[in-house]
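One structure is given here, and the rest of the page talks about it.
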Amino acid sequence: MNPAEIITLIKTGKAAYKIGKYGLFDNIIHGGKDRVGEVQMRDSSYRLWEVKVRETGKRGRYLKISSKLSDEEILASAEGYKPGKYMSITQDEWTVFALCTENDDPQLISCAQNILDRLVR
């Protein structure tokens with residue numbers, strides 16, 4: 001085998017591993033999963049939270065909010081998924097967090113912090 005063939009095999013293997021690691025599993029278990037992004041922010045009490053913005057075929061749009069200081073975890077759904085387990089948020093609130101994952105606009109962050117305060121209290 002020449003070096004070009006080896007490089008091609010390695011690149012193909014890496015691509016297949018990545019698809020298999022996330023894509024195939026997520027498609028089977030979650031009906032497709034999109035990891036939109038994550039953002040860290042503080043609430044009005046200055047506690048640090050990590051907000052993971054996700055979307056799946058089964059759950060729809062949701063947030064996974066984890067305290068960076070404790071094991072506390074909050075789930076919030078914009079689709080009304082499992083009302084007893086997931087807090088309810090609007091699609092606009094979900095979109096604010098999705099935009100925060102790629103934008104550091106102070107007004108947007110302030111809006112997200114107000115939503116976070118409501119969710120963590």
Side-chain angles (χ1 to χ4, degrees):
M1 218 180 246
N2 68 41
E5 292 173 326
I6 292 172
I7 291 169
T8 301
L9 285 174
I10 289 172
K11 286 181 179 178
T12 304
K14 284 183 180 179
Y17 174 76
K18 187 174 183 179
I19 290 169
K21 184 177 179 185
Y22 297 112
L24 186 59
F25 175 79
D26 289 338
N27 281 332
I28 293 170
I29 301 299
H30 300 296
K33 186 176 199 177
D34 185 14
R35 292 173 173 85
V36 176
E38 52 192 59
V39 63
Q40 290 188 8
M41 62 179 52
R42 295 188 182 276
D43 63 16
S44 60
S45 299
Y46 299 101
R47 292 179 296 175
L48 184 61
W49 298 87
E50 179 180 55
V51 181
K52 295 180 179 180
V53 183
R54 302 288 188 258
E55 184 173 14
T56 69
K58 289 183 181 178
R59 292 184 212 159
R61 298 176 192 165
Y62 69 99
L63 304 174
K64 186 175 182 181
I65 305 167
S66 305
S67 170
K68 298 300 277 181
L69 302 174
S70 70
D71 291 338
E72 187 176 0
E73 183 175 270
I74 298 165
L75 299 170
S77 171
E79 314 292 340
Y81 182 75
K82 290 190 180 179
K85 185 175 180 182
Y86 287 69
M87 295 180 74
S88 180
I89 58 172
T90 66
Q91 291 189 7
D92 287 342
E93 290 172 329
W94 181 90
T95 302
V96 166
F97 284 100
L99 291 172
C100 283
T101 65
E102 56 192 39
N103 191 332
D104 59 355
D105 177 66
Q107 289 180 326
L108 188 61
I109 299 293
S110 177
C111 181
Q113 286 173 325
N114 289 337
I115 298 166
L116 179 67
D117 274 343
R118 181 179 64 80
L119 294 173
V120 300
R121 296 204 184 269

Test item: W94 side-chain N/O and S77 main-chain N/O as donor-acceptor pair under 3.5 Å: no

Atom pair CH2 (W49) and CZ (R42), whose distance is rounded to the nearest 0.5 Å: 12.0 Å

L108 and L119: same hydrophobic cluster, using ILVMFWY side-chain contacts below 4.5 Å? yes

S44 versus D117, closest heavy-atom pair with distance: N-OD1, 2.7 Å

Connected via hydrophobic side-chain network under 4.5 Å: I109 and V120: no

Return yes if a side-chain donor-acceptor contact under 3.5 Å exists between T95 and R61, otherwise no. no

Any side-chain heavy-atom pair from F97 and V36 closer than 4.5 angstrom? no

Residue pair E79 / G60: nearest heavy atoms and the distance that separates them: CG-CA, 3.5 Å

Does atom CG of D104 have more than 12 heavy-atom neighbours, drawn from other residues, nucleotides or ligands, at distances under 6.0 Å? no

For E72, does its backbone N or O pair with a side-chain atom of S70 as donor and acceptor, under 3.5 Å? yes

What are the two closest non-hydrogen atoms of S45 and R121, and how far apart are they? OG-NH2, 3.3 Å

Would you indicate whether the side-chain heavy atoms of T56 and Y62 approach each other to under 4.5 Å? yes

Gap separating the CZ atom of R54 from the CZ atom of R59, nearest 0.5 angstrom: 10.0 Å

Would you say I115 and M87 are hydrophobically clustered, going by side-chain heavy atoms of ILVMFWY under 4.5 Å? yes

Any side-chain heavy atom of V53 within less than 4.5 Å of one from L63? yes

Nearest 0.5 Å, please: how far is NZ in K64 from OH in Y86? 8.5 Å

Hey, is CD on Q107 packed in by over 12 heavy atoms from elsewhere, all under 6.0 Å? no

Measure the spacing between CG of L48 and CE of M41 and express it to the nearest 0.5 Å. 10.0 Å

Rounding to 0.5 Å, atoms CD1 (I89) and CD1 (I65) come to a distance of 7.0 Å

